[in-house]
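Keep in mind it's a predicted model, so treat the numbers as computed, not measured. All chains are named by letter (A, B, ...) in the order of the sequence lines, taking the proteins before the strands, and each is independently numbered beginning at 1.
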Protein chains: 2
Amino acid sequence: MSKKTSDAQNSDTTVKQTRERLLEKAEMLFAQKGFHAIGVRDITSAARCNMASVNYHFSNKMNLYLEVFRSRWIPRERLMYEAFETKVDSMTDPTPEQIIQALAKAYLEGPLTDEEFGRHRQLIVRELNNPTEAFELVADQTLRPLFKKLYGLLENVAGDNLNDANLSFDIMSIFGIILYFNYSRPMISRVTGKPYDADFKARLIEHVVRFSLYGMSSRSMCAPAS
Amino acid sequence: MSKKTSDAQNSDTTVKQTRERLLEKAEMLFAQKGFHAIGVRDITSAARCNMASVNYHFSNKMNLYLEVFRSRWIPRERLMYEAFETKVDSMTDPTPEQIIQALAKAYLEGPLTDEEFGRHRQLIVRELNNPTEAFELVADQTLRPLFKKLYGLLENVAGDNLNDANLSFDIMSIFGIILYFNYSRPMISRVTGKPYDADFKARLIEHVVRFSLYGMSSRSMCAPAS
DNA sequence: AGTTATTTCAAACAGTCGTTTAAAAGTCAA
DNA sequence: TTGACTTTTAAACGACTGTTTGAAATAACT
């Protein structure tokens, strides 16, 4: 494999072009149709390179798929996590409302474009229902840290006598709503008959925050300020 | 195709055996691994019949997949819907709590076995993210009717001045939580480290009802009785 | 019984799959 | 320019895909 001149990662554009194009197109296509529905030929012809390049750069198709997660998906998820973390860490004693608001904004609007976001969510939803090796990566490196972070934030503000399994349920429910409103866009559009546009998204975040906040506060005493 | 003697559907066991076995195994395998990951040979060898039977009885693989939805998935979904409907229709002026409780029980416990339930949810989650023709069937025949029913029930008990788009959001959120707690079982088990057993499920329903109820009631005045 | 229609089957079809090969092209230092 | 390397390429590999074929088996009716 790539021995080349040095350990530099971004220096030599020529060398990485093909590899990078492959990753980009592979992500796009895997997100759209899934691992099994996409062939190596689909990817290489989209990346305008030879078919053997996949095996040269990634040794096989599955490893290309995993590399999409390693080098693209997880860094992007971290981007959203950090958008949430820096916001919430800049506050002193954030209220549940502030925490949930920051979470919903980071993961429903987020620092990503709509297109990036779409691919990003499609990939993870596939993994959630069809776990491969990639799921291990995602769970360990993004899902669990986010869950821990939320738990830490909310157990401080929630009733101290109630920091039990119920908080886990609440966090999972908030998780669930946010995830759901992303992964089931086609269903939502179809069932309601309304488009998933910017206006819809803005009202959506408002709703998610309110719904989650009150849902959560039903257990403890931290009635929302608003 | 099957001209046979008459229009009877259940009379002749011999004739339908192969066809029925194919549908049964096809559903199981499609649910487990998805349409593209499963081959016709996988299905026919699981159903212990010849490969050409798929094309004889269903003309092609995709139509077998669609027939799984037509003759198995949708009737089963109707079973759950009716469990919900009969319960809720037997009440006079049901409260939001009663409605949500009936919904959660019907769709989280439901009249199905755990195994049936698992396959059922796996199939629909695949469709939600990889819509095929089957999605049209499901949306028109089960999703939309359930949504309409919920809307009708809740707009009566909610504040009359608020029967707007917010109610749609609320219903979708309740939808979402229930769906989420089914489709992301592997993630939940992994992130929390706890099993998805009977005890977990019981506390889960309790949680979903409470969370949804208070989330909903944040908007209108129908504070829960409990 | 004989006749007809229905269902099953083994075998082969043409096409696609992921992967490998070995040669050609490109790159860069000496 | 030479020589050692990395990268790209066309072509082919065997295995597997969904589907078709035509004959054999089974069932149903006269």
Q. Over how many whole Å does the gap from A:Arg19 atom CZ to D:dT7 atom P extend?
A. 10 Å
Q. With sequence neighbours left out, what residues match B:Phe117 under ring-ring contact (aromatic ring centres under 6.0 Å, His included)?
A. none
Q | Distance, rounded to the nearest Å, where B:Tyr65 contributes OH and D:dT19 contributes C1' | A | 20 Å
Q. Between C:dT7 atom C1' and B:Phe58 atom CZ, what is the distance in whole Å?
A. 13 Å
Q | B/S/- contact track for nucleotides 17-23 of chain C, protein heavy atom under 4.0 Å | A | BBBBB--
**Q.** Minimum side-chain heavy-atom gap B:His36-A:Phe35 below 4.5 Å
**A.** no
Q: Nearest whole angstrom, please: distance from the C1' of C:dT8 to the CZ of B:Arg48.
A: 16 Å
(Q) Salt bridge check, B:Arg21 against B:Glu24: does any charged N sit closer than 4.0 Å to a carboxylate O? (A) no
Q. Are any of A:His57's side-chain N or O atoms less than 4.0 Å away from OP1 or OP2 of D:dT8?
A. yes
Q. Please, which pairs that meet salt bridge (Lys or Arg N to Asp or Glu O under 4.0 Å) have at least one residue in residues 27-39 of chain B, sequence neighbours excluded?
A. B:Glu27-B:Arg72, B:Glu27-B:Arg76
Q. Does the side chain of A:Tyr107 reach to within under 4.5 Å of the side chain of A:Leu103, using non-hydrogen atoms?
A. yes
Q. Can you tell me how far P of C:dA25 sits from OH of A:Tyr56, to the nearest Å?
A. 17 Å
Q.
So, taking the atom named CG in B:Leu29 and the one named CD1 in B:Ile43, what distance separates them when rounded to the nearest 0.5 Å?
A. 6.0 Å
Q: Look at A:Thr18 and D:dT7 and indicate whether a side-chain polar atom (N or O) is within less than 4.0 Å of OP1 or OP2.
A: no
